[in-house]
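Bear in mind the structure is a predicted one, so any value in this text is a computation, not a measurement. Chain identifiers are assigned alphabetically (A, B, ...) following the order of the sequence lines, protein sequences preceding nucleic acid strands; residue numbering begins at 1 within each chain.
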There are 2 protein chains.
Amino acid sequence: MTGAVTRPMRADGRRNRQRVLEAAAALLAERGLKVQIEEIAQRAGVGVGTVCRNFSTKEALIDTVLAGMCEEMLEQARVAQADPDAGHAFTSFVANVADFQARHRVLAEEMATTVDMPTGAVKIKRALRHAVEDLVARAQDAGALRADIGPADLAMLFAGIGHAAALAGVDSVLRQRYLTVVLDGLRPIHPTPLPGIPLGFEELDRLRARGRRTAARVGGHRGDALEGPT
Amino acid sequence: MTGAVTRPMRADGRRNRQRVLEAAAALLAERGLKVQIEEIAQRAGVGVGTVCRNFSTKEALIDTVLAGMCEEMLEQARVAQADPDAGHAFTSFVANVADFQARHRVLAEEMATTVDMPTGAVKIKRALRHAVEDLVARAQDAGALRADIGPADLAMLFAGIGHAAALAGVDSVLRQRYLTVVLDGLRPIHPTPLPGIPLGFEELDRLRARGRRTAARVGGHRGDALEGPT
DNA sequence: GCACAACCGGGAGCATAGTTCCGCTTATAG
DNA sequence: CTATAAGCGGAACTATGCTCCCGGTTGTGC
(Lines give C-alpha, C1' and ligand atoms only; values in the text may rest on other atoms or scores of the structure.)
Protein backbone atom coordinates (compact mmCIF):
# COMPACT_ATOMS: atom_id res chain seq x y z
CA MET A 1 0.00 0.00 0.00
CA THR A 2 2.66 2.52 0.87
CA GLY A 3 5.94 3.10 -0.79
CA ALA A 4 7.54 2.61 2.58
CA VAL A 5 8.68 -0.80 1.61
CA THR A 6 10.97 0.45 -1.08
CA ARG A 7 12.17 3.61 0.63
CA PRO A 8 11.81 4.10 4.40
CA MET A 9 12.07 7.90 4.22
CA ARG A 10 14.85 9.63 5.97
CA ALA A 11 14.60 9.83 9.72
CA ASP A 12 15.01 13.58 10.02
CA GLY A 13 12.48 14.07 7.28
CA ARG A 14 9.91 12.16 9.20
CA ARG A 15 10.67 14.10 12.35
CA ASN A 16 10.31 17.41 10.56
CA ARG A 17 7.02 16.42 9.08
CA GLN A 18 5.75 15.65 12.54
CA ARG A 19 6.97 18.97 13.90
CA VAL A 20 5.23 20.82 11.11
CA LEU A 21 2.03 19.02 11.90
CA GLU A 22 2.31 19.92 15.55
CA ALA A 23 3.15 23.53 14.88
CA ALA A 24 0.24 23.78 12.48
CA ALA A 25 -2.13 22.27 15.00
CA ALA A 26 -1.01 24.64 17.71
CA LEU A 27 -1.24 27.74 15.55
CA LEU A 28 -4.52 26.74 14.00
CA ALA A 29 -5.89 26.17 17.44
CA GLU A 30 -5.00 29.57 18.74
CA ARG A 31 -5.26 31.72 15.65
CA GLY A 32 -7.64 30.04 13.34
CA LEU A 33 -7.49 29.53 9.62
CA LYS A 34 -5.67 32.72 8.89
CA VAL A 35 -2.26 31.53 10.01
CA GLN A 36 0.38 31.83 7.37
CA ILE A 37 2.51 29.03 6.09
CA GLU A 38 5.59 30.98 7.00
CA GLU A 39 4.54 31.22 10.62
CA ILE A 40 3.95 27.54 10.78
CA ALA A 41 7.33 26.88 9.27
CA GLN A 42 8.97 29.21 11.74
CA ARG A 43 7.24 27.65 14.70
CA ALA A 44 8.28 24.24 13.52
CA GLY A 45 11.83 25.44 13.07
CA VAL A 46 11.93 24.62 9.38
CA GLY A 47 11.73 26.54 6.12
CA VAL A 48 8.59 27.05 4.11
CA GLY A 49 9.96 24.73 1.49
CA THR A 50 9.86 21.88 3.93
CA VAL A 51 6.27 22.54 4.77
CA CYS A 52 5.25 22.64 1.16
CA ARG A 53 7.13 19.52 0.28
CA ASN A 54 5.36 17.53 2.91
CA PHE A 55 1.97 19.03 2.22
CA SER A 56 1.50 19.99 -1.37
CA THR A 57 -0.86 22.76 -0.41
CA LYS A 58 -2.01 24.67 2.61
CA GLU A 59 -5.36 23.05 2.39
CA ALA A 60 -3.77 19.62 2.45
CA LEU A 61 -1.94 20.53 5.61
CA ILE A 62 -5.07 21.78 7.30
CA ASP A 63 -6.96 18.72 6.23
CA THR A 64 -4.38 16.50 7.79
CA VAL A 65 -4.59 18.41 11.04
CA LEU A 66 -8.35 18.23 11.00
CA ALA A 67 -8.28 14.54 10.34
CA GLY A 68 -6.28 14.11 13.50
CA MET A 69 -8.79 16.13 15.44
CA CYS A 70 -11.64 14.05 14.12
CA GLU A 71 -9.90 10.99 15.34
CA GLU A 72 -9.61 12.50 18.77
CA MET A 73 -13.30 13.27 18.79
CA LEU A 74 -14.12 9.79 17.73
CA GLU A 75 -12.11 8.54 20.63
CA GLN A 76 -14.14 10.67 22.99
CA ALA A 77 -17.29 9.32 21.46
CA ARG A 78 -16.06 5.82 22.13
CA VAL A 79 -15.38 6.65 25.72
CA ALA A 80 -18.86 8.06 26.10
CA GLN A 81 -20.36 4.99 24.50
CA ALA A 82 -18.72 2.88 27.15
CA ASP A 83 -20.63 4.74 29.84
CA PRO A 84 -23.54 2.62 31.07
CA ASP A 85 -25.57 5.71 31.99
CA ALA A 86 -26.91 6.85 28.62
CA GLY A 87 -27.89 10.29 29.85
CA HIS A 88 -24.53 10.98 31.35
CA ALA A 89 -22.78 9.56 28.31
CA PHE A 90 -24.63 12.00 26.15
CA THR A 91 -24.07 15.12 28.20
CA SER A 92 -20.45 14.39 28.83
CA PHE A 93 -19.85 13.78 25.17
CA VAL A 94 -21.51 17.05 24.24
CA ALA A 95 -19.46 18.80 26.85
CA ASN A 96 -16.28 17.27 25.57
CA VAL A 97 -16.99 18.27 22.03
CA ALA A 98 -17.76 21.83 23.04
CA ASP A 99 -14.61 21.97 25.07
CA PHE A 100 -12.67 20.51 22.23
CA GLN A 101 -14.00 23.04 19.81
CA ALA A 102 -13.13 25.83 22.14
CA ARG A 103 -9.58 24.67 22.34
CA HIS A 104 -9.31 24.17 18.63
CA ARG A 105 -10.56 27.24 16.99
CA VAL A 106 -10.04 25.80 13.55
CA LEU A 107 -12.49 23.09 14.08
CA ALA A 108 -15.14 25.55 15.10
CA GLU A 109 -14.34 27.69 12.10
CA GLU A 110 -14.39 24.74 9.81
CA MET A 111 -17.72 23.61 11.08
CA ALA A 112 -18.86 27.15 10.73
CA THR A 113 -17.95 28.05 7.22
CA THR A 114 -17.54 24.87 5.35
CA VAL A 115 -18.72 21.45 5.57
CA ASP A 116 -16.75 19.03 3.62
CA MET A 117 -14.85 16.77 5.78
CA PRO A 118 -11.38 16.60 4.39
CA THR A 119 -9.14 13.95 3.03
CA GLY A 120 -9.56 10.34 3.75
CA ALA A 121 -11.14 11.24 7.02
CA VAL A 122 -14.32 9.96 5.46
CA LYS A 123 -14.07 6.72 7.30
CA ILE A 124 -13.53 8.42 10.61
CA LYS A 125 -16.35 10.77 9.92
CA ARG A 126 -18.72 7.94 9.24
CA ALA A 127 -17.70 6.20 12.41
CA LEU A 128 -18.22 9.42 14.31
CA ARG A 129 -21.67 9.78 12.89
CA HIS A 130 -22.65 6.32 13.88
CA ALA A 131 -21.36 6.91 17.35
CA VAL A 132 -23.38 10.08 17.65
CA GLU A 133 -26.49 8.38 16.37
CA ASP A 134 -26.03 5.72 18.95
CA LEU A 135 -25.47 8.17 21.79
CA VAL A 136 -28.54 10.15 20.82
CA ALA A 137 -30.78 7.13 20.48
CA ARG A 138 -29.71 5.69 23.79
CA ALA A 139 -30.11 8.98 25.60
CA GLN A 140 -33.58 9.29 24.18
CA ASP A 141 -34.49 5.75 25.19
CA ALA A 142 -33.29 6.53 28.66
CA GLY A 143 -35.53 9.58 28.76
CA ALA A 144 -32.62 11.94 29.14
CA LEU A 145 -33.02 13.72 25.84
CA ARG A 146 -36.04 15.15 24.13
CA ALA A 147 -37.36 12.86 21.46
CA ASP A 148 -37.81 15.39 18.68
CA ILE A 149 -34.10 15.91 18.21
CA GLY A 150 -32.13 14.12 15.54
CA PRO A 151 -28.42 13.39 15.50
CA ALA A 152 -27.75 15.99 12.84
CA ASP A 153 -29.66 18.57 14.83
CA LEU A 154 -27.06 17.96 17.41
CA ALA A 155 -24.30 18.62 14.94
CA MET A 156 -25.84 21.96 14.16
CA LEU A 157 -26.16 22.82 17.80
CA PHE A 158 -22.58 21.77 18.32
CA ALA A 159 -21.59 24.33 15.79
CA GLY A 160 -23.52 26.98 17.65
CA ILE A 161 -22.15 26.03 21.02
CA GLY A 162 -18.66 25.83 19.67
CA HIS A 163 -19.12 29.25 18.29
CA ALA A 164 -20.22 30.77 21.53
CA ALA A 165 -17.41 28.89 23.21
CA ALA A 166 -14.88 30.29 20.81
CA LEU A 167 -16.09 33.75 21.62
CA ALA A 168 -15.83 33.01 25.28
CA GLY A 169 -12.27 32.04 24.57
CA VAL A 170 -10.32 30.85 27.53
CA ASP A 171 -13.09 31.44 29.99
CA SER A 172 -14.25 27.93 30.67
CA VAL A 173 -16.86 29.12 33.11
CA LEU A 174 -18.66 31.04 30.40
CA ARG A 175 -18.42 28.05 28.18
CA GLN A 176 -20.13 25.98 30.79
CA ARG A 177 -22.87 28.54 31.17
CA TYR A 178 -23.89 28.34 27.55
CA LEU A 179 -23.47 24.67 27.35
CA THR A 180 -25.76 24.30 30.32
CA VAL A 181 -28.39 26.48 28.73
CA VAL A 182 -28.43 24.36 25.60
CA LEU A 183 -28.40 21.12 27.52
CA ASP A 184 -31.33 22.36 29.55
CA GLY A 185 -33.07 23.10 26.31
CA LEU A 186 -32.44 19.54 25.23
CA ARG A 187 -34.11 17.96 28.21
CA PRO A 188 -37.25 16.04 27.56
CA ILE A 189 -39.35 17.90 30.09
CA HIS A 190 -40.04 20.79 27.80
CA PRO A 191 -43.46 21.74 26.71
CA THR A 192 -42.52 23.45 23.48
CA PRO A 193 -42.62 21.05 20.57
CA LEU A 194 -40.00 21.64 17.92
CA PRO A 195 -41.23 22.51 14.47
CA GLY A 196 -40.19 20.28 11.60
CA ILE A 197 -38.82 16.78 12.02
CA PRO A 198 -35.65 15.45 13.61
CA LEU A 199 -32.71 16.04 11.32
CA GLY A 200 -30.70 13.07 10.10
CA PHE A 201 -27.25 13.24 8.64
CA GLU A 202 -28.43 12.56 5.10
CA GLU A 203 -30.75 15.55 5.17
CA LEU A 204 -27.98 17.60 6.63
CA ASP A 205 -25.68 16.65 3.80
CA ARG A 206 -28.28 17.45 1.22
CA LEU A 207 -29.03 20.75 2.85
CA ARG A 208 -25.40 21.67 3.01
CA ALA A 209 -24.63 20.64 -0.52
CA ARG A 210 -27.34 22.97 -1.61
CA GLY A 211 -26.58 25.90 0.61
CA ARG A 212 -22.93 25.89 -0.14
CA ARG A 213 -21.16 27.32 -3.14
CA THR A 214 -20.03 30.19 -1.08
CA ALA A 215 -18.05 28.09 1.30
CA ALA A 216 -14.38 28.52 0.88
CA ARG A 217 -11.73 27.01 2.97
CA VAL A 218 -9.59 29.95 3.71
CA GLY A 219 -12.20 32.53 4.26
CA GLY A 220 -12.07 36.15 5.28
CA HIS A 221 -8.77 37.87 5.27
CA ARG A 222 -9.82 40.89 7.12
CA GLY A 223 -8.74 41.21 10.66
CA ASP A 224 -11.39 43.15 12.37
CA ALA A 225 -14.78 44.59 12.11
CA LEU A 226 -17.88 44.30 14.06
CA GLU A 227 -19.33 43.34 17.30
CA GLY A 228 -22.53 41.72 18.11
CA PRO A 229 -25.97 43.02 18.78
CA THR A 230 -24.98 44.04 22.23
CA MET B 1 -23.87 70.92 10.30
CA THR B 2 -23.09 69.02 7.18
CA GLY B 3 -21.60 70.41 4.06
CA ALA B 4 -24.71 69.33 2.23
CA VAL B 5 -26.12 72.78 2.45
CA THR B 6 -23.32 74.32 0.47
CA ARG B 7 -22.71 71.50 -1.95
CA PRO B 8 -25.69 69.25 -2.62
CA MET B 9 -23.62 66.54 -4.33
CA ARG B 10 -24.57 65.56 -7.77
CA ALA B 11 -27.81 63.70 -8.07
CA ASP B 12 -26.51 60.71 -9.99
CA GLY B 13 -23.62 60.41 -7.60
CA ARG B 14 -25.94 60.07 -4.69
CA ARG B 15 -28.02 57.53 -6.51
CA ASN B 16 -24.96 55.46 -7.36
CA ARG B 17 -23.78 55.51 -3.80
CA GLN B 18 -27.08 54.15 -2.71
CA ARG B 19 -27.03 51.43 -5.30
CA VAL B 20 -23.58 50.37 -4.21
CA LEU B 21 -24.75 50.17 -0.64
CA GLU B 22 -27.69 48.02 -1.63
CA ALA B 23 -25.62 45.74 -3.80
CA ALA B 24 -23.08 45.35 -1.04
CA ALA B 25 -25.77 44.53 1.48
CA ALA B 26 -27.30 41.93 -0.78
CA LEU B 27 -24.02 40.26 -1.64
CA LEU B 28 -22.73 40.35 1.90
CA ALA B 29 -25.95 38.78 3.02
CA GLU B 30 -25.75 35.90 0.65
CA ARG B 31 -22.05 35.33 0.31
CA GLY B 32 -20.42 36.66 3.41
CA LEU B 33 -17.31 38.71 3.89
CA LYS B 34 -15.42 37.32 1.01
CA VAL B 35 -17.33 39.14 -1.71
CA GLN B 36 -15.06 41.10 -3.95
CA ILE B 37 -15.32 44.76 -4.62
CA GLU B 38 -15.58 44.05 -8.30
CA GLU B 39 -18.63 41.88 -7.79
CA ILE B 40 -20.30 44.55 -5.77
CA ALA B 41 -19.54 47.10 -8.43
CA GLN B 42 -20.92 44.85 -11.10
CA ARG B 43 -24.09 44.15 -9.19
CA ALA B 44 -24.57 47.84 -8.62
CA GLY B 45 -24.01 48.50 -12.28
CA VAL B 46 -21.03 50.76 -11.70
CA GLY B 47 -17.27 50.51 -11.97
CA VAL B 48 -14.97 49.64 -9.12
CA GLY B 49 -13.69 53.17 -9.15
CA THR B 50 -17.08 54.41 -8.15
CA VAL B 51 -17.24 52.06 -5.23
CA CYS B 52 -13.83 53.08 -3.99
CA ARG B 53 -14.51 56.75 -4.34
CA ASN B 54 -17.57 56.55 -2.16
CA PHE B 55 -16.02 54.24 0.38
CA SER B 56 -12.35 54.78 0.79
CA THR B 57 -11.81 51.17 1.64
CA LYS B 58 -13.62 47.89 1.58
CA GLU B 59 -13.78 47.89 5.31
CA ALA B 60 -15.42 51.29 5.29
CA LEU B 61 -18.07 49.99 2.96
CA ILE B 62 -18.78 46.98 5.08
CA ASP B 63 -18.89 49.10 8.18
CA THR B 64 -21.48 51.31 6.61
CA VAL B 65 -23.61 48.34 5.69
CA LEU B 66 -23.28 46.94 9.16
CA ALA B 67 -24.22 50.20 10.73
CA GLY B 68 -27.43 50.09 8.76
CA MET B 69 -28.12 46.61 10.00
CA CYS B 70 -27.55 47.63 13.58
CA GLU B 71 -30.08 50.34 13.15
CA GLU B 72 -32.56 47.84 11.90
CA MET B 73 -31.97 45.67 14.90
CA LEU B 74 -32.41 48.59 17.20
CA GLU B 75 -35.72 49.23 15.58
CA GLN B 76 -36.81 45.70 16.28
CA ALA B 77 -35.75 46.10 19.86
CA ARG B 78 -37.92 49.16 20.11
CA VAL B 79 -40.86 47.30 18.74
CA ALA B 80 -40.33 44.56 21.28
CA GLN B 81 -40.08 47.06 24.08
CA ALA B 82 -43.49 48.36 23.17
CA ASP B 83 -44.99 44.93 23.81
CA PRO B 84 -46.77 44.90 27.17
CA ASP B 85 -46.12 41.17 27.61
CA ALA B 86 -42.50 41.08 28.75
CA GLY B 87 -42.07 37.39 28.07
CA HIS B 88 -43.40 37.62 24.59
CA ALA B 89 -41.40 40.76 23.95
CA PHE B 90 -38.26 38.91 24.85
CA THR B 91 -38.82 35.79 22.82
CA SER B 92 -39.98 37.64 19.79
CA PHE B 93 -36.96 39.90 19.90
CA VAL B 94 -34.62 36.95 20.15
CA ALA B 95 -36.41 35.28 17.29
CA ASN B 96 -36.14 38.40 15.21
CA VAL B 97 -32.46 38.76 15.84
CA ALA B 98 -31.79 35.15 14.98
CA ASP B 99 -33.80 35.51 11.84
CA PHE B 100 -32.02 38.68 10.98
CA GLN B 101 -28.66 37.08 11.43
CA ALA B 102 -29.65 34.19 9.27
CA ARG B 103 -30.64 36.52 6.50
CA HIS B 104 -27.49 38.53 6.81
CA ARG B 105 -24.64 36.17 6.83
CA VAL B 106 -22.17 38.96 7.28
CA LEU B 107 -23.50 39.89 10.59
CA ALA B 108 -23.17 36.35 11.83
CA GLU B 109 -19.67 36.07 10.45
CA GLU B 110 -18.64 39.32 11.91
CA MET B 111 -19.96 38.38 15.27
CA ALA B 112 -18.13 35.16 14.91
CA THR B 113 -14.67 36.15 13.99
CA THR B 114 -14.15 39.62 15.19
CA VAL B 115 -15.33 42.03 17.71
CA ASP B 116 -14.53 45.65 17.17
CA MET B 117 -17.48 47.78 16.40
CA PRO B 118 -16.99 49.89 13.32
CA THR B 119 -17.86 53.39 12.40
CA GLY B 120 -19.78 55.81 14.45
CA ALA B 121 -22.32 53.15 15.14
CA VAL B 122 -21.26 53.47 18.72
CA LYS B 123 -24.32 55.42 19.60
CA ILE B 124 -26.62 52.89 18.05
CA LYS B 125 -24.77 50.12 19.77
CA ARG B 126 -25.20 51.75 23.13
CA ALA B 127 -28.88 52.24 22.54
CA LEU B 128 -29.19 48.63 21.50
CA ARG B 129 -27.47 47.50 24.65
CA HIS B 130 -29.79 49.46 26.83
CA ALA B 131 -32.77 48.09 25.01
CA VAL B 132 -31.53 44.54 25.51
CA GLU B 133 -30.86 45.14 29.17
CA ASP B 134 -34.36 46.40 29.54
CA LEU B 135 -35.89 43.48 27.69
CA VAL B 136 -33.96 40.99 29.77
CA ALA B 137 -34.77 42.64 33.08
CA ARG B 138 -38.44 42.87 32.34
CA ALA B 139 -38.64 39.29 31.12
CA GLN B 140 -36.98 38.15 34.30
CA ASP B 141 -39.31 40.21 36.46
CA ALA B 142 -42.20 38.66 34.65
CA GLY B 143 -40.82 35.20 35.40
CA ALA B 144 -40.40 34.37 31.76
CA LEU B 145 -36.62 34.13 31.78
CA ARG B 146 -34.25 32.39 34.12
CA ALA B 147 -32.71 34.81 36.56
CA ASP B 148 -29.11 33.73 36.27
CA ILE B 149 -28.73 35.05 32.75
CA GLY B 150 -27.23 38.46 32.04
CA PRO B 151 -27.80 40.62 29.00
CA ALA B 152 -24.35 39.92 27.63
CA ASP B 153 -24.89 36.20 28.07
CA LEU B 154 -27.67 36.72 25.66
CA ALA B 155 -25.37 38.39 23.19
CA MET B 156 -23.12 35.37 23.30
CA LEU B 157 -26.00 33.02 22.79
CA PHE B 158 -27.20 35.15 19.94
CA ALA B 159 -23.91 34.56 18.29
CA GLY B 160 -24.31 30.83 18.73
CA ILE B 161 -27.85 30.77 17.46
CA GLY B 162 -26.96 32.98 14.56
CA HIS B 163 -24.21 30.64 13.70
CA ALA B 164 -26.39 27.59 13.68
CA ALA B 165 -28.93 29.58 11.72
CA ALA B 166 -26.37 30.55 9.14
CA LEU B 167 -25.54 26.91 8.67
CA ALA B 168 -29.19 26.13 8.31
CA GLY B 169 -29.19 28.73 5.59
CA VAL B 170 -32.50 29.41 4.03
CA ASP B 171 -34.29 26.71 5.91
CA SER B 172 -36.34 28.69 8.35
CA VAL B 173 -37.83 25.61 9.92
CA LEU B 174 -34.44 24.43 11.07
CA ARG B 175 -33.71 27.86 12.38
CA GLN B 176 -36.88 27.65 14.39
CA ARG B 177 -35.85 24.33 15.83
CA TYR B 178 -32.60 25.55 17.26
CA LEU B 179 -34.03 28.75 18.44
CA THR B 180 -36.69 26.84 20.30
CA VAL B 181 -34.13 24.63 21.95
CA VAL B 182 -32.21 27.60 23.25
CA LEU B 183 -35.33 29.43 24.32
CA ASP B 184 -36.41 26.35 26.21
CA GLY B 185 -33.05 26.36 27.89
CA LEU B 186 -33.63 29.93 28.92
CA ARG B 187 -36.90 29.26 30.71
CA PRO B 188 -36.88 29.77 34.43
CA ILE B 189 -38.23 26.35 35.28
CA HIS B 190 -34.88 24.72 34.99
CA PRO B 191 -33.27 22.92 37.83
CA THR B 192 -29.70 23.31 36.66
CA PRO B 193 -28.06 26.40 38.08
CA LEU B 194 -25.62 28.08 35.78
CA PRO B 195 -22.04 28.29 36.95
CA GLY B 196 -20.48 31.72 37.27
CA ILE B 197 -22.45 34.93 37.42
CA PRO B 198 -24.69 36.70 34.93
CA LEU B 199 -22.58 38.41 32.32
CA GLY B 200 -22.89 42.17 31.88
CA PHE B 201 -21.78 44.11 28.88
CA GLU B 202 -18.79 45.61 30.64
CA GLU B 203 -17.40 42.21 31.50
CA LEU B 204 -18.03 41.10 27.98
CA ASP B 205 -16.06 44.03 26.63
CA ARG B 206 -13.21 43.38 28.96
CA LEU B 207 -13.21 39.74 28.13
CA ARG B 208 -13.18 40.38 24.45
CA ALA B 209 -10.52 43.01 24.60
CA ARG B 210 -8.35 40.59 26.45
CA GLY B 211 -9.07 37.45 24.56
CA ARG B 212 -8.59 38.91 21.13
CA ARG B 213 -4.96 39.58 20.54
CA THR B 214 -3.84 37.39 23.37
CA ALA B 215 -4.99 34.34 21.53
CA ALA B 216 -6.30 31.61 23.72
CA ARG B 217 -3.17 30.22 25.17
CA VAL B 218 -4.80 26.99 26.09
CA GLY B 219 -2.57 24.17 26.91
CA GLY B 220 -4.21 20.97 27.90
CA HIS B 221 -5.92 22.02 31.02
CA ARG B 222 -7.57 19.16 32.76
CA GLY B 223 -8.72 16.05 31.00
CA ASP B 224 -12.30 16.06 32.12
CA ALA B 225 -14.21 18.73 30.36
CA LEU B 226 -17.54 20.06 31.35
CA GLU B 227 -19.76 17.99 33.46
CA GLY B 228 -23.32 17.23 32.70
CA PRO B 229 -25.87 18.85 34.94
CA THR B 230 -27.43 17.01 37.78
C1' DG C 1 -26.31 76.36 -25.15
C1' DC C 2 -21.81 76.68 -22.73
C1' DA C 3 -18.29 76.04 -19.42
C1' DC C 4 -16.81 73.81 -15.47
C1' DA C 5 -15.87 70.41 -12.56
C1' DA C 6 -17.84 66.32 -10.31
C1' DC C 7 -18.30 61.73 -11.57
C1' DC C 8 -17.55 57.63 -14.13
C1' DG C 9 -15.15 53.33 -15.92
C1' DG C 10 -11.77 50.28 -15.81
C1' DG C 11 -6.85 49.40 -16.27
C1' DA C 12 -2.19 50.05 -13.84
C1' DG C 13 0.05 49.57 -9.53
C1' DC C 14 0.79 47.55 -5.16
C1' DA C 15 0.47 44.37 -1.25
C1' DT C 16 -0.13 39.90 0.49
C1' DA C 17 0.32 35.02 0.66
C1' DG C 18 0.78 30.53 -1.38
C1' DT C 19 3.78 27.57 -4.45
C1' DT C 20 7.92 26.34 -6.99
C1' DC C 21 12.69 25.83 -7.73
C1' DC C 22 17.61 25.27 -7.05
C1' DG C 23 22.11 25.00 -4.98
C1' DC C 24 23.74 23.39 -0.46
C1' DT C 25 23.67 20.08 3.53
C1' DT C 26 23.59 15.74 5.63
C1' DA C 27 21.72 11.07 6.63
C1' DT C 28 22.60 6.47 5.08
C1' DA C 29 24.51 2.43 2.52
C1' DG C 30 28.47 0.04 0.98
C1' DC D 1 35.46 7.16 4.25
C1' DT D 2 33.05 8.10 0.15
C1' DA D 3 29.26 8.31 -2.88
C1' DT D 4 24.58 9.33 -3.50
C1' DA D 5 20.43 11.38 -3.35
C1' DA D 6 16.82 12.77 0.08
C1' DG D 7 15.95 16.68 2.36
C1' DC D 8 16.62 21.57 3.51
C1' DG D 9 16.15 26.76 3.35
C1' DG D 10 14.54 30.64 1.50
C1' DA D 11 14.51 33.56 -2.62
C1' DA D 12 11.89 34.03 -6.85
C1' DC D 13 7.60 33.43 -9.02
C1' DT D 14 2.61 33.67 -9.37
C1' DA D 15 -2.00 34.64 -8.31
C1' DT D 16 -5.47 37.23 -6.17
C1' DG D 17 -7.71 41.25 -4.79
C1' DC D 18 -7.71 46.08 -3.00
C1' DT D 19 -6.56 50.89 -4.09
C1' DC D 20 -5.22 54.69 -7.06
C1' DC D 21 -5.29 57.31 -11.17
C1' DC D 22 -6.34 59.24 -15.66
C1' DG D 23 -8.84 60.41 -19.77
C1' DG D 24 -13.60 60.76 -21.10
C1' DT D 25 -18.55 61.80 -19.92
C1' DT D 26 -22.39 64.24 -18.00
C1' DG D 27 -25.02 66.85 -14.59
C1' DT D 28 -25.50 71.72 -13.14
C1' DG D 29 -25.36 76.79 -12.88
C1' DC D 30 -25.28 80.80 -15.77
Side-chain angles (χ1 to χ4, degrees), chain A residues 2-24 27-28 31-65 106 109 114 118 214-225, chain B residues 2-24 27-28 31-65 106 109 113 118:
Chain A
T2 74
V5 183
T6 61
R7 189 79 30 190
M9 191 183 188
R10 242 165 69 171
D12 59 339
R14 189 168 278 286
R15 200 176 337 127
N16 273 333
R17 183 190 163 92
Q18 191 55 31
R19 293 180 66 166
V20 168
L21 225 35
E22 280 160 20
L27 283 170
L28 284 169
R31 310 257 310 268
L33 286 172
K34 64 176 180 297
V35 285
Q36 287 161 231
I37 297 254
E38 204 171 329
E39 285 179 283
I40 294 173
Q42 198 168 346
R43 172 97 150 219
V46 303
V48 283
T50 302
V51 175
C52 291
R53 203 169 331 102
N54 279 287
F55 306 94
S56 54
T57 174
K58 183 182 181 181
E59 188 172 343
L61 169 58
I62 294 176
D63 282 354
T64 307
V65 172
V106 229
E109 281 183 36
T114 92
T214 77
R217 271 240 124 81
V218 188
H221 35 73
R222 215 151 61 86
D224 60 347
Chain B
T2 75
V5 182
T6 63
R7 218 168 327 103
M9 189 182 186
R10 240 166 70 171
D12 60 338
R14 188 171 279 285
R15 200 175 340 124
N16 273 333
R17 183 191 163 92
Q18 191 55 32
R19 294 179 65 170
V20 167
L21 225 35
E22 279 160 21
L27 283 171
L28 284 169
R31 311 258 311 266
L33 285 174
K34 65 180 183 303
V35 284
Q36 285 161 232
I37 298 255
E38 205 171 327
E39 284 179 284
I40 295 173
Q42 197 168 346
R43 172 96 150 221
V46 302
V48 283
T50 302
V51 175
C52 290
R53 204 171 328 103
N54 279 289
F55 306 93
S56 55
T57 174
K58 183 183 179 182
E59 189 172 342
L61 170 58
I62 293 176
D63 283 355
T64 307
V65 172
V106 229
E109 279 184 37
T113 58

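- In this structure, the side chains of B:Glu39 and B:Arg43 stay at 4.5 Å or more apart for every pair of heavy atoms.
- Remark: P of D:dG17 and CG of B:Leu33 are 14 Å apart, rounded to the nearest angstrom.
- Backbone-only engagement by A:Ala11 is indicated by non-hydrogen atom pairs under 4.0 Å involving sugar-phosphate atoms exclusively.
- Distances shorter than 4.0 Å separate none of the side-chain N or O atoms of B:Arg53 from OP1 or OP2 on C:dC7.
- Backbone-only contact: A:Gly13 has heavy atoms under 4.0 Å from sugar-phosphate atoms and none from a base.
- Residue-environment remark: CD (B:Gln42) stays at or below the threshold of 12 foreign heavy atoms within 6.0 Å.
- Here C:dT19 is the nucleotide among C:dT19, D:dC8, C:dC8 with the atom lying nearest to any side-chain atom of A:Cys52.
- Following rounding to the nearest Å, B:Arg19 (CZ) and C:dC8 (C1') show an atom-to-atom distance of 13 Å.
- The side chain of B:Val48 sits closest to C:dG11 out of D:dC18, C:dT20, C:dG11.
- Rounded to whole angstrom, the span from the CZ atom of B:Arg17 across to the P atom of C:dC8 amounts to 11 Å.
- The shortest distance between the side-chain N/O atoms of A:Thr57 and the OP1/OP2 oxygens of C:dT19 is below 4.0 Å.
- Closest approach to the A:Arg10 side chain among D:dG9, C:dT26, D:dG17 is made by C:dT26 (side chain taken as heavy atoms from C-beta onward).
- Residue B:Asn16 has no polar side-chain atom (N or O) positioned under 4.0 Å from OP1 or OP2 of C:dC7.
- A side-chain contact (heavy atoms from CB on, under 4.5 Å) with A:Phe55 is found for one member of A:Ile40, A:Leu61, A:Val65 and no other, namely A:Leu61.
- Counting to the nearest Å, the P atom of C:dT16 and the NZ atom of B:Lys58 are 15 Å from each other.
- Following rounding to the nearest Å, B:Gln42 (CD) and C:dG9 (P) show an atom-to-atom distance of 12 Å.
- Mapping B:Asp12 and B:Ile37 onto DNA chain D via the closest heavy atom, the residue that lands nearer the 5' end is B:Ile37.
- Shortest non-hydrogen contact noted between A:Lys58 and A:Val35 is NZ-O, 2.9 Å.
- For the atom pair OG1 (B:Thr64) and CD (B:Glu59), the distance works out to 10.5 Å, reported to the nearest 0.5 Å.
- Listed candidates were D:dT19, D:dG9, D:dC18. Nearest to the side chain of A:Thr50 is D:dG9.
- Rounded to an integer number of Å, the gap from B:Ile40 CD1 to C:dG10 C1' is 16 Å.
- The interatomic distance linking B:Arg15 (CZ) with C:dC8 (C1') rounds to 13 Å, in whole Å.
- As rounded to whole Å, 17 Å separates atom C1' of D:dC18 from atom NZ of B:Lys34.
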